Amino acid sequence: MFLTIEGVEGSGKTTLVQALHERFALAGIDVLVTREPGGTPAGNAVREMILRSRLDVTPLTEAFLMNGARSEHVTEKIRPALAEGRIVLCDRFADSTLAYQGYGRGLDLPTLRLLCLAATGGLEPDLTLLLDLPVERLRDRLAERIAPEDPFEGEDAAFHERVRHGYLELAKSGGRWRILDATLSPEALVDAAWDVVQPLVAS
Ligand code: Z5A
């Protein structure tokens, strides 16, 4: 089973991934926890380039770099783990490209879908939890950070509104998407997420 967590930054994805990892461990279930961009040496290099060194690139280059990293991630890490029967829990995946480079940066969605398809080889999550957080709340959480940690954090409220709206549009397709209220406490959020995840894992 392939599970992904999506949402605007500061919505609590990392916190939830860690808490879910603990729930899986308590249930005696082996899970591969990973994230994008990242998960492989190439993915970590892209992470360093874009998020830490703040390489100034066009939105399309950003989309190519994210998908180059994704291709490595899927081939080297995610597919092998799924083939071994492991559960994969991933902090962001291809929907982040549609939300950020598509809705956020304004690139053409059909083109981005093709790029993502090339990178994933058609691999789709079985379940995607969207942590939905109003942008005002995101601002409060980011304000606690002393300096912007990555270039996306420095974007204005309108950018984050477009990304949030984009996620909600993507989730309208139903199917694998479940929307969770990211204003819940971390404890309530992991309970809500586990209520969705546990029956799928058990079935
Ligand atoms: N990106 C892209 O553009 N295209 C792509 O294809 C991909 C990614 C894959 C990755 O950044 C960036 O790459 C991302 C999109 C772009 N940038 N943005 N925006 P990252 O991995 O470094 O960061 P992030 O994914 O945005 O996550 P984050 O900023 O670390 O936030 P988070 O993981 O969602 O939240 P958190 O770290 O768990 O919590 C944030 C704070 O809120 C922290 O102080 C917590 O203690 C607190 N918190 C957490 N949960 C709660 C609850 N429930 N209530 C109250 N407070 C909470």
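Whatever order the structure lists ligands and atoms in, that order sets their numbers, starting from 1. None of the values given here were measured: they were computed from a predicted structure. Heavy atoms only: backbone and side chains are in, while hydrogens, waters and symmetry mates are out.
Using a 4.0 Å heavy-atom cutoff, Gly7 is absent from the residues neighbouring ligand 1. In this structure, His160 does not count as a contact residue of ligand 1, since none of its heavy atoms falls inside 4.0 Å of the ligand.
At the shortest separation from atom 50 (N) of ligand 1 among protein heavy atoms lies Gly12 CA, 3.7 Å. Nearest to atom 16 (C) of ligand 1 among the protein's heavy atoms is Phe152 CE1, 3.6 Å. At the top of the distance list for atom 44 (O) of ligand 1, counting protein heavy atoms only, stands Glu144 OE1, 4.5 Å. Looking only at protein heavy atoms, the nearest one to atom 12 (C) of ligand 1 is Leu51 CD2, 3.8 Å. For atom 9 (C) of ligand 1, the closest non-hydrogen atom of the protein is Arg70 NH2, 3.5 Å. Considering only non-hydrogen protein atoms, atom 39 (O) of ligand 1 sits nearest to Thr15 OG1, 3.8 Å. Given atom 54 (N) of ligand 1, the protein heavy atom at minimum distance is Arg141 NH2, 3.2 Å. Nearest to atom 7 (C) of ligand 1 among the protein's heavy atoms is Ser96 CB, 3.5 Å.
Side-chain atoms of Arg47 come within 3.5 Å of backbone N or O of Pro37 as a donor-acceptor pair. Without hydrogens or angle criteria, Ser71 side chain to Gly68 main chain gives no donor-acceptor distance under 3.5 Å.
Counting heavy atoms under 4.0 Å from ligand 1, residue Lys13 touches it through both backbone and side chain.
Backbone and side-chain nitrogen or oxygen atoms of Asp91 are examined, and none is located within less than 3.5 angstrom of a nitrogen or oxygen of ligand 1. Looking at ligand 1, you won't find any N or O of Pro37 less than 3.5 Å from one of its N or O atoms. Looking at ligand 1, you'll find an N or O of Leu184 within less than 3.5 Å of one of its N or O atoms. For ligand 1, one of its N or O atoms has an N or O atom of Gly10 under 3.5 Å away. Checked against a 3.5 angstrom limit, the closest N/O atoms of Tyr100 and ligand 1 fall inside it. Among the atoms of Arg92, some N or O lies under 3.5 angstrom from an N or O of ligand 1.
Contacts of Thr183 classified as side chain to side chain contact (heavy atoms under 4.5 Å, CB included), with partners at least two apart in sequence or in another chain: Leu133, Pro134, Arg137, Asp181. Remark: Ala193 engages Leu16, Leu20, Leu129, Leu180 in a side chain to side chain contact (heavy atoms under 4.5 Å, CB included) (not counting sequence neighbours).
Within ligand 1, counting atoms from 1 as listed, the ones closer than 4.0 Å to a heavy atom of Glu36 are 9 (C). Residue Thr97 has at least one heavy-atom neighbour below 4.0 Å for each of these atoms of ligand 1: 5 (C), 6 (O). Here is the list of ligand 1 atoms found below 4.0 Å of a heavy atom in Thr14: 30 (O), 32 (P), 33 (O), 37 (O), 38 (O). Below 4.0 Å from some heavy atom of Pro186 lie the following atoms of ligand 1, by number and element: 51 (C), 52 (C), 53 (N), 54 (N). Ligand-side atoms of ligand 1 in range of Gln101: 2 (C), 3 (O), 4 (N), 5 (C), 6 (O), range being under 4.0 angstrom from any heavy atom.
In summary, Arg23 and Asp191 engage in a salt bridge, as defined by a charged side-chain N under 4.0 Å from a carboxylate O. For the pair Arg176 and Asp126, the salt-bridge criterion is not met [side-chain N within less than 4.0 Å of a carboxylate O].
Of the candidates Arg35, Arg47, Glu9, Gln18, it is Arg47 that places a heavy atom closest to atom 21 (O) of ligand 1.
Figure legend: Arg70 and Phe93 shown as a cation-pi pair, the cationic atom lying under 6.0 angstrom from the six-membered ring centre and within 45 degrees of its axis.
In this structure, Ile87 and Leu3 have side chains that are in contact, with non-hydrogen atoms separated by less than 4.5 Å.
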| query | What's the verdict on side-chain hydrogen bond (donor to acceptor under 3.5 Å, both in side chains) for Tyr167 and Ser96, showing C-alpha distance, side-chain angles and the deciding distance? | reply | CA-CA 8 Å; Tyr167 273 125; Ser96 284; 3.2 Å; yes
| query | Can Glu155 and His160 be said to form a side-chain hydrogen bond (donor to acceptor under 3.5 Å, both in side chains), step by step? | reply | CA-CA 7 Å; Glu155 292 286 348; His160 294 291; over 6 Å; no
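Classified by interplanar angle (parallel below 30°, tilted 30° to 60°, perpendicular above 60°), the ring pair Tyr100/Phe159 is tilted.
Glu6 approaches Asp95 most closely through the heavy-atom pair OE2-CB, 3.6 Å.
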